[in-house]
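One structure is given below, encoded as structure tokens.
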Amino acid sequence: MDRIYMDHAATTPVRPEVIEAMLPAYKETFGNASSVYSWGREAQKALDDARAKTAAVLGAEFNEIIFTGGGSEADNLAIKGTAWKNRHKGKHIITSAVEHHAVLDTVKWLETQGFEATFLSVDEDGMLDPQQVRDAIREDTILITVMHGNNEMGSIMPVEEIADIAREKGVLFHTDAVQTVGSLPIDVKEMGMDMLSLSAHKFYGPKGVGALYVRKGVRLDSLIHGGAQERNRRAGTEDVPAIIGLAEALERADEERDKVIPEITRLRDRLLKGLETIPETRVNGHRKKRLPNNVNVCFRYIEGESLLLNLDMMGIAASSGSACTSGSLEPSHVLLAMGLSHEIAHGSLRLTLGRETTENEVDYVLEQVPAVVNRLREMSPLYHQ
Amino acid sequence: MDRIYMDHAATTPVRPEVIEAMLPAYKETFGNASSVYSWGREAQKALDDARAKTAAVLGAEFNEIIFTGGGSEADNLAIKGTAWKNRHKGKHIITSAVEHHAVLDTVKWLETQGFEATFLSVDEDGMLDPQQVRDAIREDTILITVMHGNNEMGSIMPVEEIADIAREKGVLFHTDAVQTVGSLPIDVKEMGMDMLSLSAHKFYGPKGVGALYVRKGVRLDSLIHGGAQERNRRAGTEDVPAIIGLAEALERADEERDKVIPEITRLRDRLLKGLETIPETRVNGHRKKRLPNNVNVCFRYIEGESLLLNLDMMGIAASSGSACTSGSLEPSHVLLAMGLSHEIAHGSLRLTLGRETTENEVDYVLEQVPAVVNRLREMSPLYHQ
Amino acid sequence: MYSDKVMDHFQNPRNVGEITNADGVGEEGNVRCGDIMKLWIKVEDGVIVDAKFKTFGCGAAIATSSMITEMVIGKTLDEAEEISNTAVAEALDGLPPVKMHCSNLAADALQKAIDDYKANKQSA
Amino acid sequence: MYSDKVMDHFQNPRNVGEITNADGVGEEGNVRCGDIMKLWIKVEDGVIVDAKFKTFGCGAAIATSSMITEMVIGKTLDEAEEISNTAVAEALDGLPPVKMHCSNLAADALQKAIDDYKANKQSA
Ligand SMILES: Cc1ncc(COP(=O)(O)O)c(C=O)c1O
Ligand SMILES: Cc1ncc(COP(=O)(O)O)c(C=O)c1O
């Protein structure tokens, strides 16, 4: 058995067709897209095409897409950009306790800059109740930012309902859709989004490139000041190859969705069911409203990093919210926010499937994980049969 | 004659060897460098190698390099990051009037956030007098940021002397070395830099990736918050292929410098001399302390964009500080800061040579430019023979 | 960026030059903004029979200058005065948004040339 | 990230288990931080003749646990008490900086086991 990659929520390999699409922009269409001469116009055309494709897949307009240097930058731009721009209107921001650090740490940093924040708690399935959002809105609330699909335990948040509330109250709404774009159908207009972040390397595109959808009329300060690129909202020579790659990957993900996602979901369910048979195992995240490729469980009495290292020895690449994989002592803020105890939260395992995941791989994982869990439990001072 | 590319200061094509070095990281070494499993460790190793190479070329230490999403981001991180971090110490920033917009607009934005700035003027050669910097330092000055090589008119600023003054006064010093890294030898320790920005696509590396050297002990707030990448100073999944590309391109530029730069300089001087023979032409920038590949002249009575379009018709890609290429009405802030009148400043032409520039190309340009200038002057209501 | 029509007029501008015994001359723009157009017209029986221009400016400025001279030749003064800047831009198959101000230049210079003609006639 | 030595001890931990009639037991760490080590020692004539551990924790925690049991067996109590956390880390060819706290765990658990042994003896 080859190595098995089950960490697609972390990153994905770039599709060969996407690399093919990108290569010409490294060598021939390499011009600065802002220039008047032919090389520049060619680059500009490639950029325009990529923007049109991206906008089309998301149901957005051409000028509503800002390309960024990744998902984290898109989140930072959305949150800091609107915070700074609306500073005179108010200083309160609402978010959830289970956001990705790109949102959470950004909001926390804004707290050091005179803003105030409310971090809404979630239920034991990791779900946020929209009513909580409504209750948290104050006179001076300027932004609500709640993620679409949770990168760790996979729950899909009721962002449409939150968007409705935000619109009703006249507050801007941003969603971090880094985990859903590419796997769930997204229509920003239908969903009522003001801003939405995505990151190409989560859907078989290149790393270091993302996008922020910004609804026409929503104004924000730049995060990166300088040249007039991206209609003055994101300075820096456009990374044309990467942007081409993003658009190509997004379009392909969109096209194959109906074929690929049901199959991933089926394998995901098999995997989840198999792992659940291990004693003292908790399934994390909502059972139904869940990212199609996400499996997240906690095995009591063991710690995540040693689990991952053991799986790696068996050729399986997986992830954990374990503290020891992040260099901190606290386990996953997401699992703790769902009410899990430290002990259980430390023993989390995330397996995220991809378009190239096979039945055989799932079988192999289902064979190895119980053995590894057993081995570590026998070594654990907390475990008593 | 093929198309001739003479806009290397804007961007450069990626070297084939650099693309080769990057490709494996798209397909095989694609893992998330922060992960514990083998794919992640392989990516981490590639990242470590790239960081070590980059540090070695710059005379920096391994941990003093922060990879960013480009030169503009590096500038923004250096300036905003230290401004925010040192806010309690003071609010005054010193810079020059001829900086790239990534510095200028960042400092101007900080002015809207309660900081104060001094924009130092330059002489008619575009040079900044270090004494001016000394005189501008106040009790509450927290940062001096002056570029190394000017992207427009090519003057090389006395950054070592400014760094000495900054050190003596206990003020942080940052330099935007986007135009010099790759062509001039850089040793951050010898030069006494606290922070230094660079951008890979200026030296035959990929776009969308840059780096900020930050001397050990210099602390800054993040610009992009989130994950713990880059030792908590720049969040976002590392763009491993691009970072590999940056390091590879930098190393190769460093190795071939002694062979390539003298030849570029020779061609540059031929070009400059030839263009000077056109009547009513002004050479911009310092004659000696000048980027080796930079030619910048103003032709009286004509406007830059129409000059560029005409050159493009002849197959020559060039640049201008012309207002009409940037969508504004004001011509180049750099040329105006050097004391040029609006009329002359509008007629500027920048030709920047590269490692693949040939003698024949220079000949061809020297043949075409006078004809084009003539044609436009005959059409100009300002021109009277 | 520019339409083919713009590039055609930029590459092969029509009616460049001066008219020595012009009946009206108009100049618009200033060096600060990097756009100056000077337009000469020859008028016979209330009809513009010739027009020439000189322009210092960007591609759009040159193309609109060229285009407006083509548009006015053969038109009565009244018809010529009707030519709006958007009409010039449309005749060029459009201009990039940041360049729309250039089309003002041409229409304004034309108006000035016509005014000049009228003033000359009055005082004659 | 981890040295080969760490990975060896992690993959093939030595002396895993409990000693039923141990002369001393030490436990260190807590679930909050995700690291708990329990160490049993058997002492004869002031010499540690056997040591076993159970550990809940990351790769470094398991490897340092394994390593310290190897290091103490055959040592006198005085010698064993001299073992510092850096000595354990060094014996493993180093640990990543963020993992250095794990080596404290092992040395501290050992100290507690020795203390426990001494207390037992005193009260005996
Ligand atoms: C001097 C200088 N600084 C900063 C930049 C910005 O670099 P980038 O376009 O990679 O963001 C450039 C080039 O565009 C430059 O020439
Ligand atoms: C939900 C979510 N938001 C933001 C990010 C950050 O994206 P990037 O690593 O591309 O900056 C990620 C992934 O790392 C994510 O899963």
Less than 3.5 Å apart, which donor and acceptor atoms pair up between the side chains of residues 22-33 of chain B and the rest of the protein, not counting sequence neighbours?
| from | atom 1 | to | atom 2 | distance (Å) |
| --- | --- | --- | --- | --- |
| B/Tyr26 | OH | A/Tyr26 | OH | 2.6 |
| B/Asn32 | OD1 | B/Ser34 | N | 3.0 |

Nearest heavy-atom approach of A/Asp312 to B/Arg41 is OD2-NH1, 2.7 Å

If one checks every heavy atom of A/Ala242 against chain B at 4.5 Å, the contacting part turns out to be neither

Turns out that what part of B/Leu223 lies under 4.5 Å from chain A's heavy atoms comes down to both

To the nearest 0.5 Å, atom CG of B/Asp105 lies from atom CG of A/Asn232 at 8.5 Å

Scanning both residues in full, the closest heavy-atom pair of B/Ala10 with A/Thr237 reads O-OG1, 4.5 Å

Which of A/His101, A/Lys108, A/Lys80 passes side chain to side chain contact (heavy atoms under 4.5 Å, CB included) with B/His225? Answer is A/Lys80

To the nearest 0.5 Å, atom OH of B/Tyr37 lies from atom CD1 of A/Ile316 at 13.0 Å

Counting heavy-atom pairs under 4.5 Å with chain A, the top scorer among B/Gly210, B/Gly236, B/Ser38 is B/Ser38

Shortest non-hydrogen pair, B/Glu42 vs A/Arg3, comes out as OE2-NH1, 2.9 Å

The interface call for A/Ser35 against chain B, heavy-atom contacts under 4.5 Å, is side chain

Honestly, the part of A/Glu99 sitting under 4.5 Å from a heavy atom of chain B is neither

Residues B/Gln113 and A/Arg87: closest non-hydrogen pair is OE1-NH1, 3.0 Å

When the 4.5 angstrom heavy-atom criterion is applied to A/Thr12 and chain B, the contacting part is backbone

dist B/Ile224:CD1 -> A/Ser72:OG (nearest 0.5 Å) comes out at 7.0 Å

Greatest number of non-hydrogen atom pairs under 4.5 angstrom with chain B, of A/Thr11, A/Asp7, A/Leu77, A/Asn76, falls to A/Asn76

Correct closest heavy-atom pair for A/Asp221 and B/Trp109 would be OD2-NE1, 2.8 Å

Bottom line for B/Arg15: the part with an atom under 4.5 Å from chain A's heavy atoms is neither

